[in-house]
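Every chain is numbered from 1 and lettered A, B, ... according to where its sequence line falls, protein lines coming before strand lines. Remember, it's a predicted structure, so these values are computed and weren't measured experimentally.
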Protein chains: 4
Amino acid sequence: MKKSRPKYMQIIDAAVTVIAENGYHQAQVSRIAREAGVADGTIYLYFKNKEDILISLFEEKMGTFIEKIDSMIAGKETAAEKLLLLIDSHFRMLSDNRGLAVVTQLELRQSNKELRQKINEVLKGYLKVIDHILLEGKQNGEFSETLDIRLARQMIFGTIDETVTTWIMNEHKYDLAALSATIHNLLLNGCGAHAARPSIGKIE
Amino acid sequence: MKKSRPKYMQIIDAAVTVIAENGYHQAQVSRIAREAGVADGTIYLYFKNKEDILISLFEEKMGTFIEKIDSMIAGKETAAEKLLLLIDSHFRMLSDNRGLAVVTQLELRQSNKELRQKINEVLKGYLKVIDHILLEGKQNGEFSETLDIRLARQMIFGTIDETVTTWIMNEHKYDLAALSATIHNLLLNGCGAHAARPSIGKIE
Amino acid sequence: MKKSRPKYMQIIDAAVTVIAENGYHQAQVSRIAREAGVADGTIYLYFKNKEDILISLFEEKMGTFIEKIDSMIAGKETAAEKLLLLIDSHFRMLSDNRGLAVVTQLELRQSNKELRQKINEVLKGYLKVIDHILLEGKQNGEFSETLDIRLARQMIFGTIDETVTTWIMNEHKYDLAALSATIHNLLLNGCGAHAARPSIGKIE
Amino acid sequence: MKKSRPKYMQIIDAAVTVIAENGYHQAQVSRIAREAGVADGTIYLYFKNKEDILISLFEEKMGTFIEKIDSMIAGKETAAEKLLLLIDSHFRMLSDNRGLAVVTQLELRQSNKELRQKINEVLKGYLKVIDHILLEGKQNGEFSETLDIRLARQMIFGTIDETVTTWIMNEHKYDLAALSATIHNLLLNGCGAHAARPSIGKIE
DNA sequence: GATGAATGAGCGTTCATTCAT
DNA sequence: GATGAATGAACGCTCATTCAT
């Protein structure tokens, strides 16, 4: 429907740009409209209100990302490989799109509780992907059979999230994607992976 | 100093109460003043501006917490024990003070970038405590000698933080402190601790 | 002429329906268009602007009413009979068409001064009918020969109008048309009619 | 309380001036504030919102008027005299305060249904005064013993209201107060007063 | 004639901060 | 030191109207 219209994505991309450049609280609707090259009122033909722009932004960008990860992961055999791919894709996506990184890691978190709860709904899709990897790893013996999946997932997501946030707070001074292998190793150990055997070559 | 006057802490505690009950965006200066039992203008005799209240809040509460941890940790011998104490104290402090937990984990993160950067300054003290534990663990052979301290610290802090946030988002439905041992184990593994041997009794 | 096209009346009737159901301030052009089953832009092929719809609405509905009254009155002999017919027709028309009653008595009065002045132009036709009745009554001796026609007309119109408005504000709880005879009697007295003699049968 | 502060009446008077000069829809809060010589925000120390200004305006001005009428009327003996005083005071008040006349007769009626209903609440006090006069007149034999008080009140109020509105629509071209005696006479007749006897001298 | 997507001006209200008392 | 009345900048959203198709 409306999502097929070019202006829909145009406005979302304008929102990312404006928020990344000026911060969440400086992202007035009129500024987003100007950046998108449309009139203020046009925004409201595609979005219910300002909050709807931000939720849609997150849904579109994160949704696309989750789908990509999902299909890429399908091609890997071991849970360890899948986890590495997830971490690495996550880091690469944000490295390649620093505006989006700032928006999702810092700016959007300044929103009110309701918006943040909706963002969390979207994130659940991502957390499910992690859970699948963990479950598979437990079942095929890669990970400890006593692993608490919920807590392990919190470790994985928390570590990735904190790593990205720190990188941004340090103004992207170093190469985020270069950390993938080390982080992967930390997390694998955390999951009780049989450290020496599966890791071959470049990962360690 | 102004900090020695009773009204200083009175205002900070009022801020915690007001933010915990009504959320960051409902925490108007006049409401904090009413809760503290002072006039609006009085706030500005003790704090430069509203942001200053929130930074001071974080400094006072987190500062006290870091000092406590630091002195408690001094009594423990191994890095593993210190880490367990840190995790457990962290979880217990927030379990025992849910208002403060909501304020620091959710509400204060809605503030703008500048405020969050100052909050990060305060957090650095906490991160240093973690770094000390990790360094000690590496030096005395408890942890892997190739451990990247910065990334391990991000894993530890990120995992703790995500665990607390998830607990709050689930409206404290379960016992946070009960997770200490399991989280500790995950993180120890992550750090390459010689899993089986050192953990005795209740940790595993 | 444009007025001859079917969509002209279709839009006016849609306007009455929309205003009656949702009130003046909720009667957006796009809503009227939807109710009329035409596109927004089509409205502007038949009406200069929104105000023009409302004026035309009043002209059409009130104009029709005045013509009806005029021809009906012609069949009556005395001024008193004509006045009764006028009051009774007025009450019946609005009783039978409550949507229109709400629109003309309440909603349209929320319009701005210019629109209300144009509505008054239309009303002048109605006031002229009243004036004719009064003049005839004075001339044939039914009414006081000192009667001030302008003021008597204001009394008649003001009384009818206030009676209808009160009826609507009371949510049509009682039968408006049942008041015709009593109101007629009050107004006849006001006009100095020789009370006892001319009123025969049902009027008193 | 707040009503005792001088700024309360200052803002109400500013509202009358601004609405009278520019019309209801041009009466922005900021314009009223400027006219009152206060900051926009100050308005909200004395009034809940814009609507509250207008209701208060009506309550203050009409409330004062009703009290005045009530006490003046107490000094008159007959219902006829009381009615004359009421009409004459009504006309004089609005003649002496043409801005207020425009505001209450034309502009305030453009407000939405809720505001108009609150205005009607205030008006009920005025209608009660009329009802008292009518009841007294019926009881002491001045008026017809079959007089329907509700309808007679609608005639009296409707006639006065229509007379004032016509005067304003004619841009105050003639002397409104000069009509008091004639209107009084019309209404007395309407009420079935024994025409010849009670009216002495100046009334007719 | 008919459409409907796009336009953009306009405004009530909040609240951090000041300063005369 | 303490007060609290006053300030005024800032912004999301609606809807009558246009015009390219």
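The two residues B:I19 and B:A27 come nearest to each other via the heavy atoms CG1-CB, 3.6 Å. The two residues A:I32 and A:I11 come nearest to each other via the heavy atoms CG2-O, 3.9 Å.
If you measure from atom CG of C:L45 to atom P of E:dG4, you get 13 Å, rounded to the nearest angstrom. As rounded to whole Å, 15 Å separates atom P of E:dG1 from atom OH of C:Y8. Across the protein-nucleic acid pair, C:Y46 atom OH and E:dG1 atom C1' stand 7 Å apart, rounded to whole Å. Taking atom CZ of A:R34 as the reference point, atom C1' of F:dC11 lies 13 Å away to the nearest angstrom. Atoms OH (D:Y24) and C1' (E:dC11) sit 13 Å apart, rounded to a whole Å. Atom-to-atom, CZ of C:F47 to C1' of E:dA2 comes out at 16 Å; the value is rounded to the nearest Å. C:I32 has its CD1 atom 12 Å from the C1' atom of F:dC15, to the nearest Å. A straight line from CD of D:Q10 to P of F:dA5 spans 16 Å, rounded to a whole angstrom.
For C:Y126, the ring pair (Phe, Tyr, Trp, His ring centres under 6.0 Å) partners are C:F65, C:H90, not counting sequence neighbours. By the side chain to side chain donor-acceptor pair (under 3.5 Å) test, C:E35 is found to be paired with no residue, residues two or more places apart in sequence or in another chain being considered. Considering only residues two or more places apart in sequence or on other chains, B:E121 meets the side chain to side chain donor-acceptor pair (under 3.5 Å) condition with B:K124. Among residues two or more places apart in sequence or in another chain, the ring pair (Phe, Tyr, Trp, His ring centres under 6.0 Å) test is passed with D:Y24 by none.
With rounding to the nearest 0.5 angstrom, the CD atom of B:E59 is 9.5 Å from the NZ atom of B:K118. To the nearest 0.5 Å, the span separating CD on D:E60 from CD1 on D:I55 amounts to 12.5 Å. Going from atom OH of B:Y8 over to atom CG of B:D13 covers 10.5 Å, rounded to the nearest 0.5 Å.
Two residues, B:H25 and C:T42, neighbour DNA chain E, and the one matched to the more 5' nucleotide by heavy-atom proximity is C:T42. Between C:Q26 and B:K7, the one whose closest nucleotide on DNA chain F sits nearer the 5' end is B:K7.
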State the dot-bracket string of DNA chain E. Criteria: Watson-Crick or G-U wobble, both atom distances under 3.5 angstrom; notation: ( ) intrastrand, [ ] crossing earlier pairs, | interstrand, . unpaired. .||||||||||||||||||||
Per-nt protein contacts along nucleotides 16-21 of chain E (heavy atom under 4.0 Å; B base, S backbone sugar-phosphate only, - none) come out as SBB---
